[in-house]
2 protein chains.
Amino acid sequence: MTTPPPPTWPGAFGAEPRRKRRALSRELIVETALKIVDTEGLDALNMRRVAQGLGTGAASLYAHVANKDELLALLLDRVYGDLSHPEPDPERWREQAKEYLTRQRDNLVAHGDLARAAMTQNIPTSPGALDAAETMLALLRAGGLPEQVCAYGVDVISLYVVATALEETSRKGPEGAPDQGQVDAYLGGIRSFFASLPPERYPLITGMAGPLTRNVGDERFEFGLDLLFDGLVAQAGRVYD
Amino acid sequence: MTTPPPPTWPGAFGAEPRRKRRALSRELIVETALKIVDTEGLDALNMRRVAQGLGTGAASLYAHVANKDELLALLLDRVYGDLSHPEPDPERWREQAKEYLTRQRDNLVAHGDLARAAMTQNIPTSPGALDAAETMLALLRAGGLPEQVCAYGVDVISLYVVATALEETSRKGPEGAPDQGQVDAYLGGIRSFFASLPPERYPLITGMAGPLTRNVGDERFEFGLDLLFDGLVAQAGRVYD
DNA sequence: TCTACTAGCGAACGCTGTTCGTGTCAACTA
DNA sequence: TAGTTGACACGAACAGCGTTCGCTAGTAGA
């Protein structure tokens with residue numbers, strides 16, 4: 001039986017600057033790791049590879065980073081931290097939220113399949129992820145939604161964004177931004193697979209192979225966001241003990 | 001550059017039964033692996049461990065299973081296959097869908113953190129997952145929703161179910177079903193962490209620590225489902241080229 | 001009974017995350 | 001300026017992983 005450790009964020013919220021001697025530092029490690037994820041994908045990220053990028057050995061990293069999990073958490077926080085946060089305007093909170101979440105997804109997609117790492121850490125405890133959650137809460141509250149709906153809603157929404165980013169990036173090789181031709185080829189493969197299934201068992205999947213694999217710009221992503229916001233507004237009247 | 005392989009499902013849809021000699025078979029391997037996941041968690045699942053459970057060596061498994069990824073896919077399909085599928089009734093498609101999805105989630109949760117494996121295979125290609133998708137499509141169509149809304153919607157919904165199951169199971173140790181006390185302890189830890197954050201930077205998170213970590217039965221899960229269905233109905237009028 | 005084929009399987013390969021013990025340099029003290 | 005000290009760097013190794021190789025052995029068909 002493993003009791004989950006209390007969430008902490010080492011060296012944040014009043015951290016002491018570490019004295020450096022030979023240029024190796026936590027920031028440098030994160031930077032190097034991010035470059036590897038961007039160019040070679042998450043699977044290519046291992047401690048030796050990062051160390052090699054810094055001209056040293058893997059063991060040296062452990063002086064600055066507890067383990068690979070912490071490194072991944074730092075990477076995610078670094079990516080989340082790249083976002084600017086809108087000032088909530090009750091008149092147009094929905095557009096603000098859509099714009100913000102779209103940037104959040106683009107930001108994730110821009111860093112290869114890093115979203116896969118975000119998928120496992122379901123509850124945000126890093127500063128960057130907390131900032132994102134705070135921003136979304138502010139936008140939802142600006143929309144006049146009740147507390148509990150905002151609380152539940154922010155969970156569903158951030159889940160959707162990360163999962164969509166993951167879906168987007170897993171449709172291609174691990175290198176850089178998703179190439180439209182590659183995505184089309186992948187989805188085309190899925191489409192013909194769906195269409196080739198036995199129609200007597202899967203009448204709807206075979207019949208709807210086209211709509212199921214439709215990929216027109218951000219339409220799919222925006223559909224999900226509109227769906228979520230409409231749903232949230234519809235749930236606004238719900239009461240909780 | 002890695003072109004994704006065309007989706008196949010080895011030995012399904014008209015498969016030939018494999019002749020067995022010493023009792024080792026694909027089904028036995030899947031069964032043993034599932035037992036390990038159930039009792040020791042997904043992280044404890046490795047080829048040597050499965051082989052040991054069958055009184056043999058890891059190499060023997062590769063005669064029946066291409067690799068670990070295929071084994072995971074088989075596990076998931078096995079779990080999805082445990083579900084019975086409702087006959088869509090246009091009068092109560094929503095209740096049917098909620099009931100079906102709840103069973104689907106319970107089914108996943110019952111098998112430890114296997115949901116984590118489901119998270120990465122985003123597009124269903126196994127018979128069991130295809131059955132689930134077909135069922136959901138039928139229910140949504142019974143609700144009178146347009147084709148494209150159903151197509152996009154089934155994606156979002158199955159994503160939500162898997163992610164929720166994952167969230168549920170990752171809140172505890174890897175053994176068996178989630179224990180209420182353990183979940184409460186975990187969420188209590190998160191709650192005090194949220195409450196202990198600097199209020200000037202995170203006024204909403206600190207102020208809403210309670211609602212954010214609320215966990216009353218299936219309320220959270222059902223909230224998400226209601227939200228999704230309300231959103232789908234609201235999107236019903238949308239037109240696509 | 002003999003032969004051919006195939007599933008079973010021990011051993012090994014290359015990879016991973018992580019730790020240990022030692023080396024080494026920078027900064028403080030006298 | 002010379003000596004000391006302690007934190008950092010790092011090569012080497014460990015334990016574990018997925019997977020492959022090539023031999024063994026048992027069964028089905030002639």
Could you tell me how far apart [X] ([atom1]) and [N] ([atom2]) are, to the nearest whole angstrom?
X	N	atom1	atom2	value
B/M47	D/dT20	CE	C1'	12 Å
A/L72	C/dT18	CG	C1'	15 Å
B/L71	D/dC17	CG	P	14 Å
B/L28	C/dA7	CG	C1'	15 Å
A/K68	C/dT18	NZ	C1'	12 Å
A/I29	D/dC8	CD1	C1'	12 Å
A/E70	C/dT18	CD	P	11 Å
A/N67	C/dT16	CG	P	17 Å

Reckon A/N46 has a side-chain N or O less than 4.0 Å from the OP1 or OP2 of C/dT16?
-> yes
Distance test, side-chain N/O of B/H64 to OP1/OP2 of C/dG8, below 4.0 Å = yes
Sequence neighbours excluded, which residues qualify as side-chain hydrogen bond (donor to acceptor under 3.5 Å, both in side chains) partners of [X]?
X	result
A/T32	none
A/R220	B/D155
A/T164	none

Is any side-chain N or O of B/R48 under 3.5 Å from a base N or O of D/dG16, one able to act as donor and the other as acceptor?
-> no
Members of residues 50-61 of chain B that approach DNA chain C, where some heavy atom sits under 4.0 Å away | B/T56, B/A59, B/S60
Under the salt bridge (charged side-chain N to carboxylate O under 4.0 Å, His left out) test, residues paired with A/R49 that sit two or more places apart | A/E40
Would you please name every residue forming a salt bridge (charged side-chain N to carboxylate O under 4.0 Å, His left out) with A/D43, sequence neighbours left out?
-> A/R116
DNA chain C: A/A66 or A/A44, which has the more 5' nearest nucleotide?
-> A/A44
Look only at the side chain of B/T206 and the backbone of B/Y202, and say whether a donor-acceptor pair between them is shorter than 3.5 Å.
-> yes
On the 0 to 90° scale, with breaks at 30° and 60°, tag the A/F223-B/Y152 ring pair as parallel, tilted or perpendicular.
-> tilted
